There are 2 protein chains.
Amino acid sequence: MAHADEPPAEVRLPATAWAVLGILAFGEELTGYEVRQWAEHILRFFYWSPAMSQIYSELKRLEQVGYAASREVSGEDGRPRRVYAITDAGRAAASDWLAHAPVEPPALKHGPLLRVWLGHLADPDRLREVVTQHRDRSADLAAEADEARRAAAAVSGWAYPELVARWAVRYHTAERDLAARLLDDLDELVASGRAPDL
Amino acid sequence: MAHADEPPAEVRLPATAWAVLGILAFGEELTGYEVRQWAEHILRFFYWSPAMSQIYSELKRLEQVGYAASREVSGEDGRPRRVYAITDAGRAAASDWLAHAPVEPPALKHGPLLRVWLGHLADPDRLREVVTQHRDRSADLAAEADEARRAAAAVSGWAYPELVARWAVRYHTAERDLAARLLDDLDELVASGRAPDL
DNA sequence: CCAGGTGTATTCCAATTTGGAACAAGTGCC
DNA sequence: GGCACTTGTTCCAAATTGGAATACACCTGG
């Protein structure tokens, strides 16, 4: 039987919660809104952007379990806002999670590829359009990731985010190239006449 | 005011529903269980594997809106099972979706990278371990995708799935290489002594 | 000075999606 | 005959998402 003075059974949190706590772990006091902006800035290159509503509810949960603390402050405009900061317990829990939690494999939902997979139901020109769009979007993302990388490089203590941003540049560049090659394969398929009709 | 003989307002379905309908669109009558297996086989390389429960509920919904039809048959073992097939309306709706629905950008949740991003909270050896694991898993996935590619190549009419499988091989190979480079960057960071402490 | 747009900040809700367990019945192995 | 495994299906609670709604402050133009 478990006795009472064991370390409190680790609270099991979804990855999203850790991502939010991770943002706080960079040390600033942030509002939910600002957490959202950080997520948009960096996280989005490798980890979807959670909905506002989810960020706010995660912050509340983090506070409930003692990993974050909030206080009400009034901004320059006099409006009250609630800022959150990570606690020591939160930092410890995050470290523990990093050290011990099993790592989920990357989850990918690739809309453009799903379309190609069902290519037999579509017009070849439409497929080209879908893949072209994806290629261009990937190129844009790579450029944006590179800006994020430069921004991270300018901040001391952001060596890891910089590394991740460098990875993100390469990732989205690879996506661009993969899309370009897919486009070639698509053209070749159509040219060869082996494309199943719709 | 809309009049009654317009084409029925397109039912708005989540992408998952289209993926399931897409599996049926390859023409076979399948049980929910078999749909699941197909998803495991191919879809997983570029589109998460939905939960069993979700597949069954999507099938029911597809039947409700008339995109799929089911009948009860008894298998070789005499047990009753419900098989689903796509209808003409379903095929038309899928084509229409392919042709007109806006394409969601790929959604990625990269657990391993999230860990690296929070590297300042972790032991460098642990980070190496996480990334190494990811690199090896990617290599495995690339090999498995290559098998799927060969399987698809053997079936006539599967030109598009084959194309997608080829893309998947390249994608997971790229992931493997990206992980390897990240590992190098990690080592370099630690060697340079610029790694923020935990 | 008031309307309207934009940025900050937060909350609420319905629908989606997930994970997991539970149930059931056949098959193959020892 | 017992046991594990595969096929096949259902149910439920929880997590997650998206979207809209609500404020208030600031700025711009008429």
Side-chain angles (χ1 to χ4, degrees), chain A residues 11-20 23 28-41 43-44 47-65 68 70-84 102 104-105 107-109 111 114, chain B residues 11-20 23 28-41 43-44 47-65 68 70-84 101-102 104-105 107-109 111:
Chain A
V11 194
R12 190 166 288 302
L13 295 175
T16 311
W18 296 111
V20 170
I23 288 174
E28 312 209 7
E29 269 191 315
L30 302 171
T31 65
Y33 194 82
E34 289 167 330
V35 168
R36 169 83 204 279
Q37 289 183 314
W38 280 53
E40 280 294 305
H41 248 129
L43 224 51
R44 69 173 168 130
Y47 216 88
W48 96 121
S49 264
M52 282 271 51
S53 48
Q54 205 188 346
I55 289 178
Y56 279 96
S57 54
E58 289 301 354
L59 285 171
K60 272 170 201 153
R61 171 160 53 180
L62 289 171
E63 182 159 35
Q64 278 219 338
V65 299
S70 76
R71 58 197 189 94
E72 187 135 325
V73 300
S74 56
E76 291 164 19
D77 55 16
R79 280 199 296 162
R81 39 191 235 137
R82 181 163 295 276
V83 290
Y84 288 83
E104 335 78 67
L108 179 67
K109 284 192 186 184
L114 181 61
Chain B
V11 194
R12 188 165 290 298
L13 295 175
T16 310
W18 297 111
V20 170
I23 287 174
E28 311 209 7
E29 269 191 316
L30 301 171
T31 65
Y33 194 81
E34 289 167 328
V35 168
R36 168 85 205 278
Q37 288 182 314
W38 280 54
E40 279 296 303
H41 248 128
L43 225 50
R44 69 171 166 131
Y47 216 87
W48 96 124
S49 263
M52 282 270 52
S53 48
Q54 204 190 346
I55 289 177
Y56 280 97
S57 55
E58 291 300 353
L59 284 171
K60 273 169 200 152
R61 172 160 51 181
L62 290 171
E63 183 160 33
Q64 278 219 337
V65 300
S70 76
R71 58 198 188 93
E72 185 134 327
V73 300
S74 56
E76 291 162 18
D77 55 16
R79 280 199 296 162
R81 37 190 237 140
R82 180 162 295 276
V83 290
Y84 289 82
E104 335 78 68
L108 180 66
K109 283 191 187 185

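Only a predicted model underlies this, so the values are computations on that prediction, with no experimental measurement involved.
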Novice: When you check the gap from the basic side-chain N to the acidic O, do B:K60 and B:E63 get nearer than 4.0 Å?
Specialist: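 Answer for the salt bridge query: no.
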Novice: Under 4.0 angstrom, heavy atoms only, what part of the nucleic acid is B:S57 near: base, sugar-phosphate, or nothing?
Specialist: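 Nothing: the residue B:S57, judged by heavy atoms under 4.0 Å, touches no strand.
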Novice: For A:Y84 and C:dA9, what is the distance between atoms OH and P respectively, to the nearest whole Å?
Specialist: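 Going from A:Y84 (OH) to C:dA9 (P), I get 13 Å.
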Novice: D:dT7, OP1 or OP2 - any side-chain N/O from B:Q37 closer than 4.0 Å?
Specialist: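 Answer is yes, contact under 4.0 Å.
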Novice: Would you indicate which nucleotide in C:dT18, D:dA15, D:dT6 comes nearest to any side-chain atom of B:Y33?
Specialist: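 Shortest atom-to-atom distance from the side chain points to D:dT6.
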Novice: What is the distance, rounded to the nearest whole Å, between atom CD of B:E104 and atom C1' of D:dG18?
Specialist: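 These atoms are roughly 14 Å apart.
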Novice: Are side-chain heavy atoms of B:V83 and B:L30 found at a separation under 4.5 Å?
Specialist: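 No, every pair of side-chain atoms sits at 4.5 Å or beyond.
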Novice: Using the side-chain heavy atoms of A:R61, tell me which of these nucleotides is nearest: C:dT10, D:dT16, D:dG19.
Specialist: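 The answer is D:dT16.
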Novice: Verify the contact: side-chain N or O of B:Y56 to OP1 or OP2 of D:dT10, cut-off strictly under 4.0 Å; return yes or no.
Specialist: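 Negative; the distance criterion is not met.
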Novice: Starting at the 5' end of DNA chain C and moving along, which residue's nearest nucleotide shows up first, A:V83 or A:K109?
Specialist: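 The 5'-side residue here is A:V83.
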Novice: Find the distance A:R81:CZ to C:dT8:C1' and express it as a whole number of Å.
Specialist: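 To the nearest whole Å, that distance equals 9 Å.
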Novice: Measure distances between side-chain N and O atoms of B:R82 and base N and O atoms of D:dT9, and say whether any donor-acceptor pair falls under 3.5 Å.
Specialist: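 No pair found.
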Novice: Using whole Å, what does the distance between atom C1' of nucleotide D:dT7 and atom CD of B:E72 come to?
Specialist: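 From B:E72 CD to D:dT7 C1': 15 Å.
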Novice: Taking the side chain as every heavy atom from C-beta outward, state whether B:L108 and A:K109 have any atom pair closer than 4.5 Å.
Specialist: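 They are not in side-chain contact.
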Novice: If you pin A:A17 and A:M52 to their nearest nucleotides in DNA chain D, which one's is more 5'?
Specialist: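 Looking at DNA chain D, the more 5' nearest nucleotide goes with A:A17.
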Novice: Among C:dT8, C:dC12, C:dG19, find the nucleotide with the atom closest to the side chain of B:A51.
Specialist: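 The nucleotide sitting nearest to the side chain is C:dG19.
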Novice: Whole angstrom is fine here: how far is it from CG in A:L59 over to P in C:dT11?
Specialist: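 From A:L59 CG to C:dT11 P: 10 Å.
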Novice: Using a heavy-atom cut-off of 4.0 Å across all strands, would you classify A:R36 as base, sugar-phosphate, or nothing?
Specialist: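 Touches nothing.
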Novice: Looking only at side-chain atoms of B:E34, point me to the closest of C:dT18, D:dG8, C:dT10.
Specialist: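 Among the listed nucleotides, the one closest to the side chain of B:E34 is D:dG8.
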Novice: Counting heavy atoms from C-beta on, name the nucleotide in C:dT17, D:dT16, D:dG8 closest to the side chain of A:E58.
Specialist: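 Comparing C:dT17, D:dT16, D:dG8 against the side chain of A:E58, the answer is D:dT16.
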Novice: May I ask you to verify if any side-chain N or O of A:K60 is less than 4.0 angstrom from the OP1 or OP2 atom of C:dT11?
Specialist: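 Yes.
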Novice: In the structure I gave you, are the side-chain heavy atoms of B:Q54 and B:V20 within less than 4.5 Å of one another anywhere?
Specialist: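 In short, these two side chains do not touch, never coming nearer than 4.5 Å.
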Novice: When you measure only distances, ignoring hydrogens and angles, does the side chain of A:R79 come within 3.5 Å of the base of C:dT8 through a donor and an acceptor?
Specialist: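 Answer yes: a donor N or O sits under 3.5 Å from an acceptor.
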Novice: Would you say A:W48 reaches D:dT16's phosphate, i.e. side-chain N/O to OP1/OP2 under 4.0 Å?
Specialist: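 No, outside the criterion.
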Novice: Report yes if the side chains of A:R71 and A:R81 come closer than 4.5 Å at any heavy-atom pair, otherwise no.
Specialist: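 Counting from C-beta outward, A:R71 and A:R81 never come under 4.5 Å.
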Novice: With a cut-off of less than 4.0 Å, is there a side-chain N or O of A:T31 near OP1 or OP2 of C:dA9?
Specialist: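 Answer yes for this pair, as a side-chain N or O of A:T31 is under 4.0 Å from OP1 or OP2.
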